[in-house]
Peer 1: 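Before I ask anything, here is the structure I am working with.
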Amino acid sequence: MITVEKMVVEAQIEIAKNIFKLVLFGDLVSKVTTPGQFVNVKITDSTDPILPRPISIAHVDQDKQQLVLIYRIEGKGTELLSRKQKGDVLTIIGPLGNGFPIYDMKRGQKALLVGGGIGTPPLLELSKQLVMRGIEVIHVLGFQTKEGVILQNELQHFGKTYLATEDGSVGMKGFVTDVIEQYQITFDRLYTCGPTPMLKALEANFPEKEIFMSLEERMACGIGACYACVRHTCNQDDDLGYRKICSDGPVFRTGEVVL
Amino acid sequence: MITVEKMVVEAQIEIAKNIFKLVLFGDLVSKVTTPGQFVNVKITDSTDPILPRPISIAHVDQDKQQLVLIYRIEGKGTELLSRKQKGDVLTIIGPLGNGFPIYDMKRGQKALLVGGGIGTPPLLELSKQLVMRGIEVIHVLGFQTKEGVILQNELQHFGKTYLATEDGSVGMKGFVTDVIEQYQITFDRLYTCGPTPMLKALEANFPEKEIFMSLEERMACGIGACYACVRHTCNQDDDLGYRKICSDGPVFRTGEVVL
Amino acid sequence: MSRLNVSLPGLQLKNPIMPASGCFGFGREFAELYDLSTLGAIMIKATTVEPRFGNPTPRVAETSAGMLNAIGLQNPGLEKVIGEELLWLSQFDVPIIANIAGMTVDDYIHVAQEISTVSNVKALELNISCPNVKQGGITFGTVPEVAKEVTEQVKAVSDVPVYVKLSPNVADIKEMAKAVEEGGADGITLINTLTGMRIDVKTGKPILANITGGLSGPAVKPVAIRMVYEVSQTVNIPIIGMGGIQSAEDVLEFFYAGASAVAVGTANFVDPFICPKIINDLEKLLDKYQIHHITDIIGRSWA
Amino acid sequence: MSRLNVSLPGLQLKNPIMPASGCFGFGREFAELYDLSTLGAIMIKATTVEPRFGNPTPRVAETSAGMLNAIGLQNPGLEKVIGEELLWLSQFDVPIIANIAGMTVDDYIHVAQEISTVSNVKALELNISCPNVKQGGITFGTVPEVAKEVTEQVKAVSDVPVYVKLSPNVADIKEMAKAVEEGGADGITLINTLTGMRIDVKTGKPILANITGGLSGPAVKPVAIRMVYEVSQTVNIPIIGMGGIQSAEDVLEFFYAGASAVAVGTANFVDPFICPKIINDLEKLLDKYQIHHITDIIGRSWA
Ligand SMILES: Cc1cc2nc3c(=O)[nH]c(=O)nc-3n(C[C@H](O)[C@H](O)[C@H](O)COP(=O)(O)OP(=O)(O)OC[C@H]3O[C@@H](n4cnc5c(N)ncnc54)[C@H](O)[C@@H]3O)c2cc1C
Ligand SMILES: Cc1cc2nc3c(=O)[nH]c(=O)nc-3n(C[C@H](O)[C@H](O)[C@H](O)COP(=O)(O)OP(=O)(O)OC[C@H]3O[C@@H](n4cnc5c(N)ncnc54)[C@H](O)[C@@H]3O)c2cc1C
Ligand SMILES: Cc1cc2nc3c(=O)[nH]c(=O)nc-3n(C[C@H](O)[C@H](O)[C@H](O)COP(=O)(O)O)c2cc1C
Ligand SMILES: Cc1cc2nc3c(=O)[nH]c(=O)nc-3n(C[C@H](O)[C@H](O)[C@H](O)COP(=O)(O)O)c2cc1C
Ligand code: FES
Ligand code: FES
């Protein structure tokens with residue numbers, strides 16, 4: 001059930017250059033069902049900026065009624081968000097979308113989680129929940145440089161974690177696909193979130209594998225009403241011919257929508 | 001010299017229902033020359049609201065580099081202003097306008113200061129400076145009800161202070177003009193700030209007296225550039241035919257501009 | 001006794017608040033949030049004869065106090081709208097205003113004829129002004145003669161009253177309003193979006209794939225209020241006003257300007273509960289300003 | 001070597017930033033704040049043959065991310081503008097663009113003829129679009145033939161290049177631009193304000209004494225960008241763009257859209273130091289985005 005709630009900021013920490021971890025408290029947490037869902041964050045009560053910002057839920061703690069967002073400063077909205085402090089209140093619309101399917105994986109199976117840059121956060125909750133269900137997880141994370149690396153330690157906790165950076169400043173020099181190849185990583189299913197070129201490369205490299213990827217698009221409503229965030233389906237005979245990233249996704253199986 | 005400065009909020013206190021006293025700290029204070037000048041307060045860095053709000057300078061402390069604004073919540077801007085707390089920063093444009101002329105009054109002369117409602121604040125600094133120059137001051141303040149009364153104690157400190165309220169809940173029931181008549185208050189010069197009907201009544205009741213009144217108008221620039229705040233001159237043969245309230249005023253001698 | 005009910009051609013509204021076309025889909029998403037029967041009416045997404053995918057993405061961009069959209073009239077087409085969406089909506093006690101669009105006059109006639117026979121469709125809203133449709137659509141909304149003509153032809157086939165939605169991208173809105181009134185319109189809705197554009201400073205390229213889009217939100221409210229004020233004094237048919245409404249105070253502003261009901265668009269994206277919230281606040285605001293009935297204040301700002 | 005200098009008909013600009021007409025008076029107030037010679041140019045307040053007091057107050061109202069004004073072309077009249085204001089301005093090393101207005105074509109001719117001979121006036125800006133002048137003024141700005149005609153006649157008498165300032169209150173800005181280009185305009189400035197209105201919710205009455213006013217500020221920027229984008233690809237004369245500029249980033253957006261220089265209006269009221277601030281920031285922004293010279297990016301958003 002989607003709700004609109006004034007959630008309270010419990011903490012805000014800069015975990016890497018311009019990347020922040022925001023801990024929010026409120027009832028809305030109890031409505032979160034799957035890793036990979038997101039929320040729409042209304043950053044001010046004013047009209048500047050007017051639209052809410054979609055941010056993935058990185059972590060949920062039902063006992064403490066907390067959820068964690070991890071975001072990078074991109075423009076005005078995220079910059080303003082980064083100035084919020086403990087005790088401040090934010091209007092949150094959510095939880096939104098359908099997350100990563102996990103219930104059909106079987107104990108003992110192996111999941112590869114591939115994160116690219118600021119696409120990594122939703123994999124944290126996913127990894128936790130997979131491990132809780134007895135799934136083996138391996139992480140491959142790609143960043144541009146050392147400075148952008150996030151969540152390595154946290155994910156390490158749940159499973160083996162490889163790193164790649166484009167400039168080689170830490171981990172392997174190259175892309176996530178290079179890491180997977182180099183270490184000949186095998187898996188039953190691949191979950192991923194990150195920039196489109198990365199998603200395309202993964203899709204191309206593992207045409208026979210089951211891959212679930214979380215997508216992004218400019219949004220307005222976040223709930224499926226405005227048709228801002230549609231993608232064509234790959235299947236031309238599909239009854240609808242499109243999917244909305246916000247409400248049908250943001251997670252899709254490869255082959256469902258055109259990247 | 002007009003400057004634009006980020007001034008620091010040192011205190012914000014609700015001194016009557018919806019009326020606040022805001023203490024600001026900064027260099028700009030040293031530029032204030034006359035009681036009755038005002039500042040333009042940019043309440044947020046955002047575009048909501050976009051225009052700065054003109055507020056009279058109620059009190060200046062050059063030693064502490066402080067100035068005091070006293071304002072009532074009228075709409076969005078003043079409501080947002082009232083939420084500012086110690087340590088917050090506000091962009092202030094000022095000092096603006098020409099205040100009440102005081103240097104031509106002589107020691108021992110008697111000044112009557114008449115304030116109507118939220119027009120009272122600029123009289124505080126005026127009263128202080130007049131007294132410092134050896135002028136005798138008498139205050140007559142008019143409010144709608146007891147709840148709206150402000151600055152009575154502060155002004156009392158400088159000179160005799162009479163009160164009128166429309167509903168008679170405190171002081172004399174009636175208007176400031178009733179008080180002046182009732183107590184047969186005499187004076188050499190009258191200074192006033194308040195609603196236009198009050199200013200008109202004073203002008204009509206004391207046609208032979210020297211009266212200086214502070215006026216209000218919707219403003220944009222506050223510095224004389226946009227022509228938003230003009231009034232016709234009473235003298236039809238005046239070279240210009242108009243005055244700008246922001247930069248030629250806000251204080252005018254009666255008979256200079258049409259009320 | 002309600003102080004918010006309003007009677008307009010074809011429409012008995014419990015209250016004068018309705019979501020604007022294109023900002024509420026066909027209501028399904030909002031039905032999970034609140035009871036749609038609380039709404040005065042629902043203006044459904046523009047319906048065309050054939051299904052339309054619309055424009056490539058990005059389709060939205062943010063602006064100061066507003067947003068641009070270039071959805072491109074995406075909709076499942078007349079058949080599905082009638083067979084699925086309107087049928088589904090019939091479970092709610094709420095009149096539907098069917099927003100219809102097309103590339104040709106024949107398209108309009110076709111959609112109007114069929115959709116106006118559906119039982120919960122109580123009025124049509126002729127979208128002659130959508131700035132995002134490239135093939136000719138735009139001229140419908142800016143040339144009085146053409147607007148009049150489409151209105152006449154749609155009126156001739158419609159089973160229900162016809163409201164014409166005007167574009168603000170014109171030099172003289174009164175002229176447009178008079179033309180559609182002459183064409184037989186039962187009411188006017190305005191404003192649709194102003195054509196605008198944004199460029200990404202990082203890339204130097206337009207943000208919207210469609211390059212230009214329609215500007216909506218609080219930024220356009222002063223233009224909307226002005227047009228409602230002008231049109232309401234020019235024609236004798238009622239106006240449903242819209243453009244930047246975010247609060248019950250904004251609703252009053254539209255009524256003072258001359259509107260008889262209002263629609264809420266962009267604000268649904270900022271707060272999905274905004275319509276019930278406004279309905280709720282409006283009643284309180286009538287008390288505050290000692291207004292007996294909302295209809296008492298229509299056009300109060302006129303000289 | 002400057003990376004900000006721009007050459008336009010009649011104008012050698014140190015930088016492409018100038019205050020917009022009506023938002024800077026005749027510069028006197030700002031001269032007390034900073035050296036006017038730092039500006040690219042100054043567009044002075046509209047000048048008419050006779051002095052004008054303008055409209056009754058209130059003349060301004062705030063809107064979401066914008067403001068309405070109905071100043072009504074207040075100015076001291078041609079004689080004083082030349083004899084006092086322009087003379088005073090001649091102490092600064094800055095070209096003046098004289099914004100001229102009138103009720104009749106003869107008025108325009110009269111003002112143009114005289115003001116264009118003043119030595120620091122390097123160009124005229126024909127204000128055919130001021131929405132606040134009631135007597136006929138408005139139609140100048142919305143009918144292509146009339147706009148062309150005024151342009152021709154003013155061109156015929158002017159000693160300096162003529163820029164025509166277009167009104168955004170039209171259905172097709174390209175048509176207007178073509179008309180004034182045909183009329184001989186040396187450049188186009190746009191946009192003037194959009195006509196809007198606000199009503200005071202407490203009283204139910206219009207806030208502006210003039211009822212309607214011109215909308216400016218960030219709210220209108222998307223409309224301005226769209227029009228600069230359209231017009232710059234339609235005509236072969238340069239454009240000075242304006243509408244909602246608040247920052248150096250906004251300046252880049254206008255250049256990408258196709259402007260060759262820009263004017264800053266409303267923002268001068270929000271921060272009187274905004275023009276020098278933008279000039280200062282712009283240089284840094286060129287570094288950030290690795291732009292060699294500001295003129296390199298004119299029209300970069302075009303397909
Ligand atoms: C489903 C989803 C989940 C996301 N999760 C995260 C996350 O966990 N962490 C994170 O850092 N970022 C995430 N993003 C991206 C994030 O929404 C944008 O970085 C953010 O909206 C930028 O806002 P801004 O005001 O800082 O930038 P501006 O450029 O000023 O924003 C202007 C407008 O563009 C939109 N916009 C800009 N960039 C993007 C983008 N990449 N995707 C969608 N809209 C955009 C904004 O929402 C806003 O409407 C997610 C996006 C989506 C769609
Ligand atoms: C020279 C001068 C001195 C002033 N001194 C004081 C003071 O010391 N204390 C105080 O409480 N008020 C003072 N005012 C009035 C004060 O400026 C307004 O109450 C305030 O601007 C209202 O802003 P708002 O956002 O709360 O109201 P809104 O109604 O939301 O404001 C909307 C717009 O209208 C303008 N506006 C609204 N009311 C007024 C008004 N009465 N005068 C001018 N502009 C107005 C605002 O500035 C803003 O641009 C003064 C006004 C002037 C011109
Ligand atoms: C995303 C979006 C889609 C829209 N789609 C339509 C549409 O299909 N038909 C239509 O007539 N108007 C459409 N509009 C215009 C709105 O109905 C409304 O006229 C306009 O947005 C102004 O109101 P607002 O400022 O409250 O949004 C759309 C607006 C938005 C923002
Ligand atoms: C108070 C005010 C007065 C104006 N007066 C004039 C004028 O005299 N002549 C003119 O051509 N434009 C005038 N304008 C329009 C501006 O020059 C400019 O075109 C418009 O405001 C858009 O720019 P902005 O959004 O940066 O303000 C005026 C604008 C404002 C706000
Ligand atoms: S953002 Fe509105 S439908 Fe997806
Ligand atoms: S407010 Fe601009 S001239 Fe007075």
Side-chain angles (χ1 to χ4, degrees), chain C residues 61 63-68 138-139 141-143 167-173 176 194-206 211-213 215 217-230 244 246 248-250 252-257 285 289 291 297 300-303, chain D residues 61 63-68 138-139 141-143 167-173 176 194-206 211-213 215 217-230 244 246 248-250 252-257 285 289 291 297 300-303:
Chain C
T63 70
S64 289
M67 63 175 279
L68 293 169
I138 183 77
T139 55
T142 57
V143 183
S167 163
N169 301 294
V170 296
D172 187 351
I173 193 77
M176 291 300 303
L194 274 162
T195 310
M197 173 173 172
R198 279 217 54 195
I199 294 171
D200 185 337
V201 175
K202 290 173 195 157
T203 63
K205 297 293 169 196
I211 301 177
T212 63
L215 182 64
V220 308
K221 199 184 77 178
V223 175
I225 292 287
R226 187 261 296 180
M227 291 189 167
V228 168
Y229 177 85
E230 288 181 350
Q246 282 195 307
E249 277 81 4
D250 292 336
L252 290 195
E253 207 174 330
F254 273 87
F255 270 78
Y256 287 134
L285 214 53
Y289 293 115
I291 300 163
I297 64 166
R300 188 177 278 183
S301 70
W302 303 345
Chain D
T63 70
S64 289
M67 64 174 280
L68 293 169
I138 184 77
T139 56
T142 57
V143 183
S167 163
N169 300 294
V170 296
D172 187 351
I173 193 77
M176 291 299 304
L194 274 162
T195 310
M197 174 175 171
R198 279 218 53 195
I199 294 170
D200 185 336
V201 175
K202 290 173 195 156
T203 63
K205 296 294 170 195
I211 301 177
T212 63
L215 182 63
V220 309
K221 200 184 75 177
V223 175
I225 292 286
R226 187 261 297 180
M227 290 189 167
V228 169
Y229 177 85
E230 288 182 349
Q246 282 196 308
E249 278 81 5
D250 291 337
L252 290 195
E253 207 175 330
F254 273 86
F255 270 78
Y256 287 135
L285 216 53
Y289 293 116
I291 298 164
I297 65 167
R300 188 177 278 182
S301 71
W302 302 347

Peer 1: Rounded to the nearest 0.5 Å, how far does OG1 of D/Thr203 lie from CZ of C/Arg300?
Peer 2: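 So the CZ of C/Arg300 and the OG1 of D/Thr203 are separated by 9.5 Å.
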
Peer 1: Taking salt bridge (Lys or Arg N to Asp or Glu O under 4.0 Å) as the test, write out the residues that go with C/Asp200, two or more places apart.
Peer 2: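 Checked C/Asp200 against salt bridge (Lys or Arg N to Asp or Glu O under 4.0 Å); zero matches.
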
Peer 1: Given a strict heavy-atom distance threshold of 4.5 Å, which part of C/Ile211 is in contact with chain D: side chain, backbone, both, or neither?
Peer 2: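 Contact with chain D involves the side chain of C/Ile211 alone.
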
Peer 1: Pick out which of C/Val228, C/Leu252, C/Ile225 makes a side-chain contact (heavy atoms from CB on, under 4.5 Å) with D/Ile199.
Peer 2: C/Ile225

Peer 1: Looking at every heavy atom in both C/Arg226 and D/Asn169, which two are closest together, and how far apart are they?
Peer 2: NH2-OD1, 3.9 Å

Peer 1: Return the option, out of C/Ser301, C/Ala257, C/Gly244, with the maximum number of heavy-atom pairs under 4.5 Å with chain D.
Peer 2: C/Ser301

Peer 1: Could you point out which residue of C/Lys205, C/Lys202, C/Arg198 forms a salt bridge (Lys or Arg N to Asp or Glu O under 4.0 Å) with D/Glu253?
Peer 2: C/Arg198

Peer 1: Only pairs of heavy atoms separated by less than 4.5 Å count here; which of D/Trp302, D/Phe254, D/Tyr289 has the most with chain C?
Peer 2: D/Tyr289

Peer 1: With respect to chain C, which residue among D/Pro168, D/Pro206, D/Gly196 yields the maximal number of heavy-atom pairs within a distance under 4.5 Å?
Peer 2: D/Gly196

Peer 1: Could you check which of D/Pro218, D/Ala61, D/Ala65, D/Gly204 has the highest count of heavy-atom pairs closer than 4.5 Å to chain C?
Peer 2: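 Counting heavy-atom pairs under 4.5 Å, the top option is D/Gly204.
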
Peer 1: Using every non-hydrogen atom in the two residues, find where D/Pro222 and C/Leu215 come nearest and quote the distance to one decimal.
Peer 2: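 Minimum heavy-atom separation between D/Pro222 and C/Leu215: CG-CD1, 3.9 Å.
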
Peer 1: Select one option (side chain, backbone, both, neither) describing which atoms of D/Ile297 are under 4.5 Å from chain C's heavy atoms.
Peer 2: neither

